[in-house]
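This report concerns only the one structure given below.
Lettering follows sequence order; numbering is per chain, from 1. Side chains included, hydrogens not; waters and symmetry mates left out as well; all remaining heavy atoms used.
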There are 2 protein chains.
Amino acid sequence: MSDIVEPQDPCVERLAKLTGDRCKAKNAARRLKALTEKIDEAELAAEADVFRAMADPFRLAILQLLRDGELCVCEIMTALERPQSSTSHHLSILKRAGLVKERREGKWSRYRLSEGAVIEMMNLAGLMTDGREG
Amino acid sequence: MSDIVEPQDPCVERLAKLTGDRCKAKNAARRLKALTEKIDEAELAAEADVFRAMADPFRLAILQLLRDGELCVCEIMTALERPQSSTSHHLSILKRAGLVKERREGKWSRYRLSEGAVIEMMNLAGLMTDGREG
DNA sequence: CACTCGTATCAAGCTAATTCGATATATAAG
DNA sequence: CTTATATATCGAATTAGCTTGATACGAGTG
C-alpha cells in the first residue's frame, strides 16, 4: 500500500511485453488511455448513425436529387424508378438521421435537404473517391 | 410520326396525373430526367462504400485514435479493449475504403489516417450530431 | 528447424438492413 | 359515405454485416 495504485494494469503489461521497456510501456499506456478517455461513445454512435444513413447508393441518389430543391415522394420514386414503399422507407431513414426535412402539404410529403453539413459531406465523399476511379 | 418521340413516357404520364396539367408535367419530367441523368451510379456506389466504412462506432473510435498519429494493431486493440481478430478486421475495412494507410515494419502493421478529407468528414459528422444531443 | 509473437484470414452464429408486395392511414373530392 | 390518391407501415424473405474463437501466415529469435 504505497506509491502507485496500478501494480498490474493489463494494458501496461500488454505494452511492456511489446516494447520490452516497462517505463516506455507505462508512458505509452498513459497516452493511449488519455486518447481513449477522450472518446465519447454516445457521440460516436450518433455519428455512426449519420454515416450509416448515407451508406446506401439509393439514399445518396435521393440526396443528390434534393440538392436542386424540394421534391415529393412520387417525384423521387418516379425519377429513380423505385417502388413507393422502398422510397418512403429510405426517406424515413434520411429523416431520422436528420439529413432531410419533411413538409406536409395536403396529401403530399415534400422533402428537402436539411440546412447544414449534408452537402459538404457529399462533396467531401466525392473528393475522397475521385482519387480512386476518376 | 412527327414532332415528339415520347407519346407516352411513363414518367410524364405519372406526373401528369399528379399535377393534372400535361404541360407542367412534361416540364417537371424533363427537369427530373436531367437531374437523374447527372447521377453517376458508380460514383454513388463508391461514396456509399466510404460512408459504410465510417458507419460503425468501433471504426470511428479507431479513426479518432489515429488522429494523434500512427498506431499498430496491438496498441489499438489494447486501447479499445477489443479482440485482435475484430480489430484487424475493422482495420482492413478502413483500409479498403481508403480511410487509413498501412505501413509494415517487421512484424508490426502500423496504421495511420489517409491524408485528405477523413478528418474533415469526422468533424462535419460531429457538427451534425451536436444539434441533436447537446 | 522449432518457437514466439504480431497480424491476417477463416468459419459459424447472430443481428441488422434491404426489398417489395400488401395493407393501413390520411387527405381530398364527388 | 364512397372513392381516389399520396404516403406510411407491416411482413416475410433475402442479404449484408458484426463478433469471436480458431487457424494460418510471416517475421524475428534461439
Side-chain angles (χ1 to χ4, degrees), chain A residues 11 13-21 25 28 41 44-45 48-62 70-97 100-112, chain B residues 13-21 25 28 44-45 48-62 70-97 100-112:
Chain A
C11 179
E13 296 301 317
R14 191 89 187 67
L15 294 168
K17 282 208 298 184
L18 277 179
T19 60
D21 180 338
E41 273 187 49
L44 286 191
D49 287 341
V50 172
F51 286 122
R52 194 176 304 114
M54 301 181 80
D56 182 278
F58 179 30
R59 290 198 289 270
L60 289 180
I62 293 177
E70 206 177 48
L71 291 174
C72 67
V73 180
C74 58
E75 290 173 309
I76 297 169
M77 62 180 272
T78 302
L80 298 179
E81 295 175 291
R82 288 277 196 146
Q84 183 269 328
S85 64
S86 184
T87 307
S88 181
H89 175 233
H90 285 289
L91 280 165
S92 78
I93 291 175
L94 290 170
K95 182 176 149 195
R96 178 154 35 87
V100 304
K101 292 220 181 310
E102 184 191 8
R103 184 172 65 90
R104 268 265 165 188
E105 189 178 3
K107 44 185 173 179
W108 284 275
S109 277
R110 306 200 184 275
Y111 286 89
R112 66 183 187 282
Chain B
E13 296 301 318
R14 189 89 186 67
L15 293 168
K17 283 209 295 186
L18 276 178
T19 60
D21 180 337
L44 286 191
D49 287 340
V50 172
F51 286 122
R52 195 176 303 114
M54 301 181 79
D56 182 277
F58 180 30
R59 290 198 289 271
L60 290 180
I62 293 177
E70 206 176 47
L71 291 174
C72 66
V73 180
C74 57
E75 290 172 311
I76 296 170
M77 62 180 272
T78 302
L80 298 179
E81 295 175 292
R82 289 278 198 145
Q84 183 270 326
S85 64
S86 183
T87 307
S88 182
H89 174 233
H90 285 289
L91 280 166
S92 77
I93 292 175
L94 290 171
K95 183 176 147 194
R96 181 154 33 87
V100 304
K101 291 221 182 309
E102 184 192 8
R103 184 171 67 89
R104 268 265 164 187
E105 187 178 4
K107 42 186 175 179
W108 284 275
S109 277
R110 306 199 183 276
Y111 287 88
R112 65 183 187 283

Just call it for [X]: base, sugar-phosphate, or nothing, with non-hydrogen atoms closer than 4.0 Å on any strand.
| X | answer |
| --- | --- |
| B:H90 | sugar-phosphate |
| A:I93 | sugar-phosphate |
| A:R110 | nothing |

Rounded to whole Å, how long is the line connecting atom [atom1] of [X] with atom [atom2] of [N]?
| X | N | atom1 | atom2 | result |
| --- | --- | --- | --- | --- |
| B:K95 | C:dT7 | NZ | C1' | 11 Å |
| B:E75 | C:dC5 | CD | C1' | 15 Å |
| A:R82 | C:dT18 | CZ | P | 11 Å |

Counting just side-chain N and O atoms, does [X] come under 4.0 Å of either OP1 or OP2 of [N]?
| X | N | result |
| --- | --- | --- |
| A:S109 | D:dA8 | yes |
| B:R104 | D:dG26 | no |
| B:Y111 | C:dA8 | yes |

Gap between atom CG of A:L91 and atom CD1 of A:I62 - 0.5 Å precision: 4.5 Å

Minimum-distance nucleotide (side-chain atoms of [X] versus [options]):
| X | options | result |
| --- | --- | --- |
| B:P83 | C:dA17, D:dT20, C:dG6 | D:dT20 |
| A:V73 | D:dT7, D:dA6, D:dG21 | D:dT7 |
| A:R52 | C:dA17, C:dG6, D:dT9 | C:dA17 |
| A:E102 | D:dA8, D:dT7, C:dT7 | D:dA8 |
| B:Q84 | C:dA8, D:dT9, D:dT7 | C:dA8 |

Whether over 12 other heavy atoms sit under 6.0 Å from B:E70 CD: yes

Main-chain N/O of B:C74 paired with B:T78 side-chain donor or acceptor, under 3.5 Å: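 A pair under 3.5 Å: yes.
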
Residue closer to the 5' end of DNA chain C, A:E105 versus B:S88 (nearest nucleotide): B:S88

Minimum heavy-atom distance B:I93-B:R59, with the two atoms named: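 In terms of heavy atoms, the two residues are closest at CD1-NH1, 3.5 Å.
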
